[in-house]
Amino acid sequence: MAAVVDSAPRRIYMQRTKLTSLPLYYEGFLWIKRGRSKEVKYWTELRGAKLFFYSDKKQEKFTDSLDLQYLSSASDKHANQLQWTEVTLKLPNEEVYIKTETADVAEEWKGFILTVSQLSVPTCLTLLPGQIIQLKEVLEKEISRRESEVSRRESESKVGHPTYQDVGDLNRMPPCFYNVSRQEATEKLTKEENSGNLLIRPGADGKNYAVSIREPTENSTRAQVKHYRVLTTDHGFVIELDKPVVLNSLDEVVNHFIDETRGKLRPFVSDIYDTQIVFPR
């Protein structure tokens with residue numbers, strides 16, 4: 001069983017804790033395959049309800065991460081004995097494949113992953129009594145952590161600290177946020193080309209967000225408008241791409257799109273105003 005100890009030097013361990021702001025529950029080597037990317041071996045840490053991937057034990061900043069909050073299942077990919085070490089993690093918009101050296105290690109990883117994602121100790125796995133006790137301890141810590149996080153957010157909202165969860169408070173949104181539909185966003189981006197080519201709007205479900213962009217091209221008549229979904233999570237925001245990007249705020253979401261296109265995308269800030277007040281008689 002992989003013990004939760006400071007396997008990396010204490011300085012590296014403390015730096016990882018500082019960067020993730022999450023408690024360490026489990027760790028070990030995993031082979032990860034996401035989407036069309038190749039399978040890669042990572043030193044993996046389960047912190048809170050997230051997996052953090054490192055190229056090796058000494059790397060301080062994680063290479064990638066995976067939010068397990070919306071995990072629907074963790075199951076063996078193949079039933080035959082030779083493939084028991086491969087597990088499929090099913091999330092709303094992707095399937096992630098993890099491989100371990102032995103079936104026992106895979107079973108234990110599934111135990112920890114299901115415990116923090118479903119907030120209950122799974123009963124469908126073959127685990128030793130000591131392992132089940134460890135999962136129960138992790139469950140108590142994770143429930144306590146989430147309750148503390150909710151309390152902190154509630155106290156911050158009472159004293160007026162900025163939050164991006166309230167769609168109604170436009171003053172706390174990026175300047176390029178507009179309370180418009182997908183079709184209205186497309187019309188704004190195509191009609192007001194000089195105002196910018198990137199805006200944020202509410203998602204169709206009313207809970208998440210979407211980024212609408214007009215592709216920067218030399219021939220504006222061929223420009224296309226694309227839309228990207230941005231999920232709201234307990235830890236921030238996730239841009240749903242082939243390789244999901246996790247960020248802390250909507251401002252960071254805007255900056256990510258700008259940086260990825262090397263400044264070709266500009267926040268949409270309309271400077272068009274009506275000049276007459278007209279009401280029907």
Side-chain angles (χ1 to χ4, degrees), residues 1-71 74-78 82-91 94-117 127 130-131 134-135 137-138 141-142 145 233-248 252 256 259-260:
M1 182 176 75
V4 179
V5 295
D6 297 1
S7 56
R10 182 164 183 80
R11 178 183 60 81
I12 297 176
Y13 171 82
M14 296 301 293
Q15 182 67 7
R16 288 176 179 173
T17 302
K18 180 181 178 181
L19 290 173
T20 61
S21 300
L22 292 169
L24 175 62
Y25 295 147
Y26 198 65
E27 61 183 359
F29 279 112
L30 286 178
W31 285 258
I32 307 294
K33 188 179 187 307
R34 302 181 71 169
R36 298 178 180 178
S37 61
K38 294 182 179 180
E39 185 178 276
V40 180
K41 182 180 180 181
Y42 289 112
W43 177 256
T44 307
E45 292 184 342
L46 174 63
R47 291 180 176 270
K50 272 188 175 182
L51 290 176
F52 292 92
F53 306 123
Y54 303 86
S55 59
D56 55 48
K57 291 184 178 181
K58 297 181 180 180
Q59 185 182 6
E60 294 184 0
K61 183 173 175 56
F62 58 91
T63 300
D64 201 356
S65 65
L66 180 65
D67 195 336
L68 302 171
Q69 196 172 202
Y70 298 103
L71 180 77
S75 56
D76 297 327
K77 186 180 178 183
H78 300 286
L82 295 176
Q83 300 283 354
W84 276 358
T85 59
E86 189 165 358
V87 177
T88 303
L89 303 180
K90 289 189 177 181
L91 293 120
E94 68 170 327
E95 289 188 356
V96 179
Y97 304 103
I98 66 173
K99 292 176 73 172
T100 62
E101 294 181 349
T102 66
D104 291 339
V105 174
E107 197 79 348
E108 197 163 10
W109 269 109
K110 284 193 294 183
F112 279 92
I113 288 172
L114 290 172
T115 296
V116 298
S117 62
L127 298 171
Q131 294 171 324
Q134 193 175 7
L135 293 182
E137 292 174 351
V138 166
K141 292 178 181 178
E142 181 61 11
R145 183 190 71 80
T233 71
D234 288 342
H235 309 296
F237 301 89
V238 180
I239 306 174
E240 288 196 329
L241 303 172
D242 289 339
K243 185 177 179 181
V245 178
V246 182
L247 299 166
N248 295 319
E252 289 188 13
H256 177 79
D259 292 341
E260 285 296 302

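- The two residues L71 and S117 have their closest heavy-atom pair at CD2-OG, 3.5 Å.
- Residue E252 is tested with L247, V246, I239 for a side chain to side chain contact (heavy atoms under 4.5 Å, CB included); the sole match is L247.
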Practice problem: Go through the steps for L89 and L66 under the test side chain to side chain contact (heavy atoms under 4.5 Å, CB included), then give the verdict. | Solution: CA-CA 10 Å; L89 303 180; L66 180 65; 4.1 Å; yes
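- Across all their heavy atoms, V238 and P244 have their closest contact at CG1-CB, 3.9 Å.
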Practice problem: Might you work through the side chain to side chain contact (heavy atoms under 4.5 Å, CB included) test for I113 and I98, ending with a clear yes or no? | Solution: CA-CA 12 Å; I113 288 172; I98 66 173; 4.2 Å; yes
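- Between the NZ atom of K18 and the NZ atom of K61 there is a distance of 12.5 Å, given to the nearest 0.5 Å.
- Between K57 and I12 the shortest side-chain heavy-atom distance does not fall below 4.5 Å.
- Rounded to the nearest 0.5 angstrom, D56 CG and T63 OG1 are separated by 8.5 Å.
- Shown here are the salt bridge (Lys or Arg N to Asp or Glu O under 4.0 Å) partners of E107, two or more places apart in sequence or in another chain: K110.
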Quiz item: So T17 and L24, side chain to side chain contact (heavy atoms under 4.5 Å, CB included) or not? Walk me through it.
Solution: CA-CA 8 Å; T17 302; L24 175 62; 5.9 Å; no
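- With hydrogens and angles ignored, the 3.5 Å screen pairs a side-chain donor or acceptor of R16 with a backbone N or O of Q59.
- Distance check: D64 CG to R34 CZ gives 4.5 Å after rounding to the nearest 0.5 Å.
- For the pair L46 and L68, the minimum side-chain heavy-atom distance is below 4.5 Å.
- A 4.5 Å side-chain heavy-atom check between K41 and K99 finds every atom pair outside the cut-off.
- Remark: E108 CD to L135 CG distance equals 7.5 Å, nearest 0.5 Å.
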Practice problem: Please report the C-alpha distance between V87 and D76 in whole Å, then the side-chain angles of each, then the deciding distance to 0.1 Å, and finally whether the side chain to side chain contact (heavy atoms under 4.5 Å, CB included) criterion is met. | Solution: CA-CA 4 Å; V87 177; D76 297 327; 4.0 Å; yes
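- In this structure, the side chains of R145 and P23 come closer than 4.5 Å at one or more pairs of heavy atoms.
- Heavy-atom minimum distance, L19 versus E60: CD1-O, 3.7 Å.
- Using the six-membered ring where Trp is involved, Y26 and F112 have ring planes that are parallel, under 30° apart on the 30 and 60° scheme.
- For the pairing with F62, the ring-ring contact (aromatic ring centres under 6.0 Å, His included) check across W43, F52, F53, Y42 returns one residue only, F52.
- In E101, the CD atom is not crowded: 12 or fewer heavy atoms of neighbouring residues, nucleotides or ligands sit closer than 6.0 Å.
- Annotation: the span from E142 atom CD to E137 atom CD amounts to 14.5 Å, rounded to 0.5 Å.
- Here T100 contributes atom OG1 and W31 contributes atom CH2; the two are 8.0 Å apart, rounded to the nearest 0.5 Å.
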